[in-house]
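For reference, the structure is listed below as structure tokens.
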Amino acid sequence: MKNFVTKKGNKYWPSQEMKSIAWIKDDKIYKKDKIKFWEEQAKNLQWIKPWKTAYEEKLPYFKWFKEGKINASVNCIDRHVNKNKTAIVWIPEPHNQKKVEISYKELQEEVSRFANLLKKLKVKKGDVVTIYLPMIPEVIFAMLACARIGAIHSIVFSAFSEEALKSRIIDGKSKVLITANGHYRKGEEVYLLDKVKIAIEGTKLKKVIVIPRLAKRIPSDFINYKKEIRKESSECKPEVMNSEDPLFILYTSGTTGKPKGIIHDTGGYLTQAYTTSKFNFNLHENDLMWCTADVGWITGHTYSCYGPLSLGNTLLIYEGSPDYPNFGRWWEIIQDNKVNVFYTAPTAIRLFMKYGDKYVKKYNLDSLEILGTVGEPIDEDAWNWYFKNIGKSKLPIIDTWWQTETGANVINALPGVGPFIPSYAGKAFPGINMAIVNDKGNKVKTGKTGHLVQLSPFAPGMLRGVFRNEKRYKETYWSKFKDKYDTSDGAFMDKDGNIRLVGRVDDVIKVAGHRLSTAEMENALDDDEYVNEAAVVPVPDKIRGEVPVAFVVLEKGKPSDELKKNLIQDVRKRIGPIATLKEIYFVEDLPKTRSGKIMRRILKGLLSGKEIKNVSTLVNPDSVKKIKENLA
Ligand code: WTA
């Protein structure tokens, strides 16, 4: 393994060896004019027609590369075909199934066939296509096939429940669903079509394309991908898209019960996906990148598809679970495939910490050059374990802060610039302006915690709206500070501009790095006939970061283990197994303000054993005392 870092005090810096191969070697890049920086980067993409206006802002809206015409699939495929190299390495979970390598040429053929099939099913530019697929190569074919014909893909995480899938199909007004009959997870066959049948019932969606991942029959009212795809031509002319046409929507959780469809447009998103993949992971021609995120999340969109492919790199995807058949699986994959860039989440790192490093030791990880992390704050213990055991104290850890809404990385240290400080994400990426402000929107002093916001010019990868819900876009992101994008994260900055994140300030929680809304879980509980009212709050968890617990006021019946079990099931059914409540506390009353708002902060405080002082704003201060007794 190469030695890419040196230590000075409690900070790590890039070594000469790292600097000699880094795209960015010094911090001059941070001083560049921001719009010019992005223009220079966008020129690395292939445009059908160049833009005239680089950036236009009429808040809360802004545009990048306004008159530019582009197609994302051309950028991710066609322009790399002549390089004669592998685009995707796919590792199936079962050991007795061979890995699959797909060249850029094959990718072009597969995607074109898929695009032609979608066209045959009458999918047109601007239509939403829902994708409900596990980590198999066809998920990338499907995304790029949509991009090829200008359809907007809407991916739903394959472990989400039928109800979660249904609500996303309805909100997206989607007429076509791409799914699989199942996949392998922890050595088991997971069947998907029962969930699919329930999800589409009563919706306008009638066309379902099924990829036969398992040797199981495909019902005749569904379209068998394997059979139909053979009939399609391997050539498909790419649609000419405006830079500001939507590329995809992705539903994510917010503070209300209903998930919102975050819209990402083509030219700007692709520019930031490309640039951050290149600079943050220092990707060069022959590097192999493995981002462990499922494409059901934004990280999978940007770093398991659009980023590395727009650069013409090779990316690796793995179907299964990290602990199958044991906790050595990921390290075995890195060793056998000589992975250079490895990007994962703190929750996975904590899992490996717990199960010891004996598995890691068995494998040769010398091919690794850059380590990345994303999804939640990484504590110093996990950082150090990752650094020592996976990076052998030689590799930089690029801790990337960003959101579904930002489309790509926003805050992180650059591998050739540093510093890499345990638990600090780093500086705002070149071309991006971040600040920490108080409630009034004024910058706070160094070291003080405040709201993390983005300032104009807003980065090209930023969301352009909430699908069919302008009001929600304006209220969620632009009502608190007007001219600043509100991230809903708390953070503080050191004197050099390095940012440390402290977590969400709204009612969004992160369970194993997955974003969930407490309101969505509460709605599921409230809908149960036995429940009068419920409040969900996070409690810390050693591995998963946070897990949800609920306080429930009953409408009828009596508290029982049976009822508890049913209520836990209600929430899993609404969202999926990641939304499993760790505990339910039955209480008489929930602490509320005069305006009726449930004070989740107080509930959180009670759970962590904090002294709750100021209860004067509550209409029912007695409730706090009673809950405390109940918890004791
Ligand atoms: C959190 C994931 C600390 C943050 C890409 C943000 C992080 C939310 C980090 C978005 C990080 C993400 N350090 N916190 N490196 N990365 N977060 O939309 O609270 O699933 O607002 O996007 O994850 O989650 P989302």
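Each ligand, and each atom within it, is numbered from 1 in the order the structure gives.
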Which protein N or O atoms sit under 3.5 Å from any N or O of ligand 1? Give each pair with its distance.
from	atom 1	to	atom 2	distance (Å)
ligand 1	13 (N)	Glu376	O	3.3
ligand 1	14 (N)	Pro377	N	3.4
ligand 1	15 (N)	Asp399	OD1	2.8
ligand 1	15 (N)	Thr400	O	2.7
ligand 1	16 (N)	Gly375	N	3.0
ligand 1	17 (N)	Gly375	O	3.3
ligand 1	18 (O)	Thr404	N	2.8
ligand 1	18 (O)	Thr404	OG1	2.5
ligand 1	18 (O)	Arg515	NH1	2.6
ligand 1	19 (O)	Asp489	OD1	3.1
ligand 1	19 (O)	Asp489	OD2	2.9
ligand 1	20 (O)	Lys510	NZ	3.3
ligand 1	21 (O)	Gln403	NE2	3.0
ligand 1	21 (O)	Asp489	OD1	2.7
ligand 1	21 (O)	Arg504	NH1	2.8
ligand 1	22 (O)	Thr404	N	3.4
ligand 1	23 (O)	Gly375	O	3.2
ligand 1	23 (O)	Lys510	NZ	3.0
ligand 1	24 (O)	Lys510	NZ	2.8

ask   = Hey, mind stepping through Trp90 and Ile136 against side chain to side chain contact (heavy atoms under 4.5 Å, CB included) and telling me if it holds?
value = CA-CA 7 Å; Trp90 176 59; Ile136 55 179; 3.7 Å; yes
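- A perpendicular orientation is assigned to the rings of Phe160 and Phe157, their planes being inclined by more than 60° (bins at 30° and 60°).
- At a threshold of 4.0 Å, the pair Glu522-Arg600 counts as salt-bridged, since one of the basic side-chain nitrogens sits closer than that to a carboxylate oxygen.
- Ring pair Tyr269/His264 is tilted by interplanar angle, where 30° to 60° counts as tilted.
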Please list, one pair per line, the donor and acceptor atoms closer than 3.5 Å that link side chains of residues 409-420 to other protein atoms, with sequence neighbours excluded.
from	atom 1	to	atom 2	distance (Å)
Asn409	OD1	Asn280	ND2	2.8
Asn409	OD1	Tyr303	OH	3.4
Asn409	ND2	Tyr303	OH	3.3
Asn409	ND2	Tyr343	OH	3.2
Asn412	OD1	Asn280	ND2	3.2
Asn412	ND2	Asn280	OD1	2.7

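- A parallel orientation is assigned to the rings of Trp385 and Phe352, their planes being inclined by less than 30° (bins at 30° and 60°).
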